There are 2 protein chains.
Amino acid sequence: MKKVKRTTIYDIAEKLGITASSVSRALNNSSQVNEKTKELIIKTADELNYKRNTLASNLRKGQSKTIGVVIPRINQNFFSNVIAGIEEITYQKGYNLIICQSDEDHDKEVQCVNTLINQHVDCIVISVSADGNDYQHLQNVLDHGIQLIQFDRVAEELETLKVINDNVQASYEAVSHLIEGGYKRIALLEGPQNLSIFKQRKEGYLKAFKAYNVPVIEELIVENAWTKELGALGTRKLLSLPQPPDAIFASTSDFSALGVLDVANAMGIKVPSELGICGYANESFSEITSPSITTIDQFSIYMGNTVANLFFQEIGNNDTTTKPKIISIKPELIIRGSTKRNG
Amino acid sequence: MKKVKRTTIYDIAEKLGITASSVSRALNNSSQVNEKTKELIIKTADELNYKRNTLASNLRKGQSKTIGVVIPRINQNFFSNVIAGIEEITYQKGYNLIICQSDEDHDKEVQCVNTLINQHVDCIVISVSADGNDYQHLQNVLDHGIQLIQFDRVAEELETLKVINDNVQASYEAVSHLIEGGYKRIALLEGPQNLSIFKQRKEGYLKAFKAYNVPVIEELIVENAWTKELGALGTRKLLSLPQPPDAIFASTSDFSALGVLDVANAMGIKVPSELGICGYANESFSEITSPSITTIDQFSIYMGNTVANLFFQEIGNNDTTTKPKIISIKPELIIRGSTKRNG
DNA sequence: CTGAAAGCGCTTACAG
DNA sequence: CTGAAAGCGCTTACAG
């Protein structure tokens, strides 16, 4: 590409025989500049194809009007929906989004966060990766006076703004639904327990058993079954038990639930009559499978909106004495074919 | 949030009784600085929790190490995959990604592009929105000496770097496959013809008819059927014809194909025996439907990789005499249940 | 209403 | 190997 000399406010000033100060003021629509010259300046800027250098402007103003987002994966429905939800709001306010993916890798996450600190972003929005539970890098964000908002997968011990789902309640409702549907041996596919969201989902599972006075069967709880493949693997193990489950709550994701469904289909086990299945996240495909999968909607876009609104609400709030806000969004159980026994 | 005074190179210099010049050199790992002082500087920087201000650095260097991406929707599989593919490469090179969504709205697209120009991004990567065919804003990008890479949905008349799919060939293969499968009346659900990709897909459709010497039936071509809803609507119209089609090529997307499948199921029409269905894009759900949907894989992640690599390859290439590169990725027909008549 | 000047935090050509 | 100085393009407190 050929290097193009960009028009600066000095070029405009020179052409008009005035100072850059006035040009700057006019371009910022300051009231303390003559209406006529303002018009002239704007017209000239347009003619010279002037574009403000945001870098310089932000450097001078000590802000960046940029929000950094760190998520495990961009190309996963839940996260891309949250981003879309964030963008919806930030765009209107003239803020930019810098996106980094951690790839579920703690080291890369640390690097992403550091890059964003260097960029002097005004806020970092993060959903932490599944590996590692060292949150020094997030503490570092706070130490630099950068706003930090965690969502979904949060480091609980860090006192920051948080936007989360009520995972306990959602899981409780899902399992209650299965119990009320007459399922007797309800298995749990759980996710990495270092992530609080997965701990909470297990908690909800156990809570439902307690509420209905049903004993928990330890052998029906499968660790670390949070991908389609691991979900399928866990299901095979479960179904080969002397007393196999008659329902499986794939608490980690619909992907995991899909693994369950695949195995059931392959083994000729009828869903929902012989095996009930409940997933999590309301991925778009969960509606399309046959039978469609009962799942939990997390209102991901709304969650993104909430994150962004929280940021703007907290801007300029210098009161550090109040405890950081935690906003909990109630997810919704979506009952579909995979658990409708008497449909 | 409390305002925190950040450590600058001057703070480090002062503490060490040297100049900022040396600090800067040390931090940039320049060879022309004493090894021992370099170590000391780095250690001190670390102690003071120094983070380079990338804004200032970039302003001085006249670059931003940032790439702007404008897509219609973040939360659409194809686009989020492309972004993931871009990020994979740019991340390694220390580049940041600023993401904007145009929401298929031309005005918002223009605004996004302008914001990115203001940000002094080094490159703008774009897949244009479906409405409007005025590309002045893209010309503007070039006029500012910013690299412009178009992908998938491109404005053909603009001479820029492009990464595209061979849509004609892919559609040709898809329709050929249907013809060879014995389907006689193959309908086309087409997308907005102001987007070249949809024109090309239609071209491939027509090309196949020609190659097999099959007459085109105009009434089987349905305009503007590029969402699930519009696909369903078009299908209802088609199936109520005196002579309905026995196959439908939803050239716009798998979403559209899904609409076809829904209608077929609702009307009790058997797929693939009574109606063949072929989609486009290999969305993750297309594998899961019953029957699974024959579709075309665009290698979206690879496409993202290609875009990023193209950028780095062209960096510093000052030769403006050569024509801008166009990289065409050959998509792959994925044959599944919805077209396997004798499976 | 307008100008002159300083400064945001860095980098780098120029001297020594 | 190190320093002094200029400058990237803006904004804004201070004068007038």
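All chains are named by letter (A, B, ...) in the order of the sequence lines, taking the proteins before the strands, and each is independently numbered beginning at 1. Worth saying up front: this structure is predicted, and the values here are computed from it rather than measured.
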Using atom [atom1] of [X] as one end and atom [atom2] of [N] as the other, report the distance to the nearest whole Å.
X	N	atom1	atom2	result
B/L40	D/dC1	CG	C1'	15 Å
B/I12	C/dC10	CD1	P	8 Å
B/N118	D/dG9	CG	P	14 Å
A/L27	D/dG9	CG	C1'	12 Å
B/K51	C/dC8	NZ	P	22 Å
A/K61	C/dG9	NZ	C1'	17 Å
B/Q119	D/dC8	CD	P	20 Å
A/I9	C/dA4	CD1	P	14 Å

Just checking [X]: base, sugar-phosphate only, or nothing, at a heavy-atom cut-off of under 4.0 Å?
X	result
B/S57	sugar-phosphate
A/T8	sugar-phosphate
A/L55	nothing
A/S31	sugar-phosphate
A/T37	sugar-phosphate
A/R6	nothing
A/N58	nothing

To the side chain of [X], which of [options] is closest?
X	options	answer
B/Y50	C/dG3, D/dC10, C/dC10	C/dC10
A/R25	D/dC14, C/dC10, D/dT2	D/dC14
B/L59	D/dG9, C/dA5, D/dC10	D/dG9
B/T19	C/dC10, D/dC10, D/dG3	D/dG3

Subject >> Residue mapping more 5' on DNA chain D - nearest nucleotide basis, B/A20 or A/N53 >> reply: B/A20
Original post:
Do A/F311 and A/T90 pass the side chain to side chain contact (heavy atoms under 4.5 Å, CB included) test, and can you show the C-alpha distance, the side-chain angles, and the key distance before you say yes or no?
Top reply: CA-CA 9 Å; A/F311 167 69; A/T90 54; 5.8 Å; no
Could you tell me whether [X] atom [atom1] has more than 12 heavy atoms of other residues or ligands within 6.0 Å of it?
X	atom1	result
B/Y302	OH	no
B/K15	NZ	no
A/E14	CD	no

**OP:** Report yes or no: is there a donor-acceptor pair, N or O only, under 3.5 Å between the side chain of A/Y10 and the base of D/dC8?
**Re:** no
Original post:
Do the rings of A/F78 and A/F151 sit parallel, tilted or perpendicular, given the 30° and 60° boundaries?
Top reply: tilted
Original post:
What distance, rounded to whole Å, do you find between the two P atoms, one in C/dC10 and one in C/dC14?
Top reply: 24 Å
Original post:
Expressed as a whole number of Å, how far does the P atom of C/dA5 sit from that of C/dC1?
Top reply: 24 Å
**OP:** Please check the phosphate of C/dC1 (OP1 and OP2 only) for any side-chain N or O of A/S22 closer than 4.0 Å.
**Re:** no
**OP:** Could you go through the side chain to side chain donor-acceptor pair (under 3.5 Å) check for B/Q313 and B/N309 one step at a time?
**Re:** CA-CA 6 Å; B/Q313 192 180 309; B/N309 285 328; over 6 Å; no
Subject >> Counter-base of D/dT2, judged by Watson-Crick or G-U geometry with both distances under 3.5 Å >> reply: C/dA15
